[in-house]
Protein chains: 2
Amino acid sequence: MIVAGLMSGTSVDGIDVALVDIRGAGWRMRVRPLAHYCFPYPRKVREAVLGISDSIAYTGVVTRLHFRLGELFAAAVERACRLAKTRVDLVGSHGQTIYHEGGRCTLQVGEPAVIAERTGADVVADFRPADLAAGGQGAPLVPYVDYLLYLSPMVARVALNIGGIANITVIPAGAPPEQVIAFDTGPGNLVLDALAAHFSGGRRRYDRDGRMAARGRVDRKLLGTLLRDPYFRRPPPKSAGREQYGERFVAGLLDRGLEPSDLMATATALTAASIALGIRRYAGQTGELIVSGGGLHNPQLMALLAGFLPGMRIRPSNDFGIDSDAKEAIAFAVLAYETYHCRTSNLPSATGARHPAILGKVIFHSRSGR
Amino acid sequence: MIVAGLMSGTSVDGIDVALVDIRGAGWRMRVRPLAHYCFPYPRKVREAVLGISDSIAYTGVVTRLHFRLGELFAAAVERACRLAKTRVDLVGSHGQTIYHEGGRCTLQVGEPAVIAERTGADVVADFRPADLAAGGQGAPLVPYVDYLLYLSPMVARVALNIGGIANITVIPAGAPPEQVIAFDTGPGNLVLDALAAHFSGGRRRYDRDGRMAARGRVDRKLLGTLLRDPYFRRPPPKSAGREQYGERFVAGLLDRGLEPSDLMATATALTAASIALGIRRYAGQTGELIVSGGGLHNPQLMALLAGFLPGMRIRPSNDFGIDSDAKEAIAFAVLAYETYHCRTSNLPSATGARHPAILGKVIFHSRSGR
């Protein structure tokens, strides 16, 4: 089955599409990534998404954007198929989160019925509510896929994804799924990207190669204050979002009146330190750290991380055949495949749910009729 | 299969639950209604729904209400099952519409994953987007069920539902589905209920037995003006909603400065006249008119309708084994049953869609795992 995974994260950069050949079932599944593309959002759409996320908006604007994103998601799948010269049997769409309150409620937009209609494929979408309904945080969901991909009988592994938010999946050697621990460690690129945009007057979306952070000096006092955030000490399951590390958080940082490069260096250290804190507390100091997500391209961030975790072997997920930028999109292809076959795919140990749940909603394309 | 149909209309009164025993497939389906209940919304929930419908709201409020309604829908199904002493295999949930723009986009809230988790049943929800994606208006969807229930080889029939909005399904004797015409004729009880609430200072939700209208006199000039609304003359497919006949429309009526009972009489005549206009234009003057919905309990409205359509035989849907108040909820049970079996269930002639579509999203309860 050729499955397209669609992902658009909290940083609202664009639409990631991974085309994945998936066969078999359960722990004997074979996952072969075929191609990956990232199509940036048109600027106006990005602004519209940010405009309604965790803020006040006219219901009509939300609804229109819901359908507009469905069209963009569909177009992204179609374009990916053309580029990779393949068809697609199933689409797994995460949707664009516009509100998330872990353990309580969540809202993803991007109408999946539009994706089904345009692509001619069946769609599974909206994966988080079922876990929330089962008492979970609705996140993180990727750990199930991490476990599938990275479990080793010999080596303890930690999968780290540094997107807008950073999250880890701790997979002890030979562990059963109940022993997997996973949670959002805190900010990933979200704060760094917002600072880069602010200091460049909107011209830059991120601190390219961590250059700005490299020029600055970490303000140890501010870093200490930020690390005292009780979130970092709260035991998992826990999840973070734009609500915690969005505009208000960044405005608070800017109020400190630091030099731009010093503030960037400090925020970069915050991301690295909070990740290391989470890892040391729940995975120990040795084993393999498998990194994916945009943060992998920030050498400053990666160097700090290596410094904080000297006993770990840090490897990009590419070493395991998983393009680090495609990781999340691949994961939602796998989750869609599981749901389509009526299999549960949350890890209660990661989300806090009372039981495993079949995630998402299935939309049948009209030609699926029997 | 025991299917629960869940419906909550534009009048935001409460949650209708119909329990229906459905067997067989396609035009040989057997539909046996078992029980019907209406659970009024808690006042605060009703106010919250009206507060976010077609207006400005914090995304967090919308999302929380989305999950809260999911809980209420689930509780309604569970209570119905207890009262009727039955289990349920499948739930069909329409959801509460908070925005609808025919042919463009629509948003229903009431998270179905919560319904699946609480009831232990699989759920089909959110029926309108698939039709919209296929180029339709996303409404009306009940005509498919009307056709199933009322098609006669001998008698031309019109199914009329007077909910917040009034709609008709025209089923010529022995007609194939392509010949079925269906559309919203205009206001149903929406305007009447709003006037009743306004004039009673919120104590009344509707004009009981049409008593207030009965005391008043129709203002022919105002009625004439209102009937010149181009909507009534526009050819189907077309759909109406709170956007057209909501607060702004009612405020415009109140500005006329008529006596309360005269305004109620005029608004009642507007509902009856616009329904009759639609029927005369697309169904002719003879045959059977099968009525369901709350408007059936308004003798003033029904008397006017009989006066406007002297050649038709008016019958309540109860004559056909369909409790008139349960009609819409029963319809969504049938639509869910069709989707669950991967069958299309929109009528392109009614919605304007380019092709039949499988409506809605399927949510598997975790115990459905294979």
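Lettering of chains follows the sequences in order, A, B, ..., and the numbering in each one begins at 1.
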Per-residue tally against chain B (heavy atom, under 4.5 Å) across A:Asp54, A:Val124, A:Val114 peaks at A:Asp54
Interface check, chain B: of A:Ala130, A:Ala134, A:Gly70, A:Ala357, most non-hydrogen pairs under 4.5 Å belong to A:Ala134
Would you say the side chains of [X] and [Y] form a donor-acceptor pair under 3.5 Å?
X	Y	value
A:Tyr147	A:Gln179	no
B:Tyr340	B:Asp122	yes
A:Tyr41	A:Ser8	yes

Salt bridge between B:Arg128 and B:Asp126, side-chain N to carboxylate O under 4.0 Å?
-> no
Note: A:Asp131-A:Arg354 ion pair, threshold 4.0 Å (strictly below) = no
Quick one: what part of [X] sits under 4.5 Å from any heavy atom of chain B, side chain, backbone, both or neither?
X	result
A:Tyr58	both
A:Pro356	backbone
A:Arg118	side chain
A:Ala116	neither

Member of A:Tyr337, A:Phe127, A:Tyr144 meeting the ring pair (Phe, Tyr, Trp, His ring centres under 6.0 Å) criterion with A:Phe332 = A:Phe127
If you draw a 6.0 Å radius around CD in A:Glu47, do more than 12 non-hydrogen atoms from other residues or ligands fall strictly inside?
-> yes
Could you please state which residues from residues 98-113 of chain B sit under 4.5 angstrom from chain A, measuring non-hydrogen atom to non-hydrogen atom, sorted by number, or 'none'?
-> B:Ile98, B:Tyr99, B:Glu101, B:Arg104, B:Cys105, B:Thr106, B:Leu107, B:Glu111, B:Pro112, B:Ala113
Do the ring planes of B:His355 and A:His365 sit parallel (below 30°), tilted (30 to 60°) or perpendicular (above 60°)?
-> tilted
Could you walk me through whether A:Leu6 and A:Ile115 pass the side-chain contact (heavy atoms from CB on, under 4.5 Å) test, one step at a time?
-> CA-CA 11 Å; A:Leu6 271 172; A:Ile115 306 174; 4.1 Å; yes
Go through the atoms of B:Leu132 and report whether side chain, backbone, both or neither lie under 4.5 Å from a heavy atom of chain A.
-> side chain
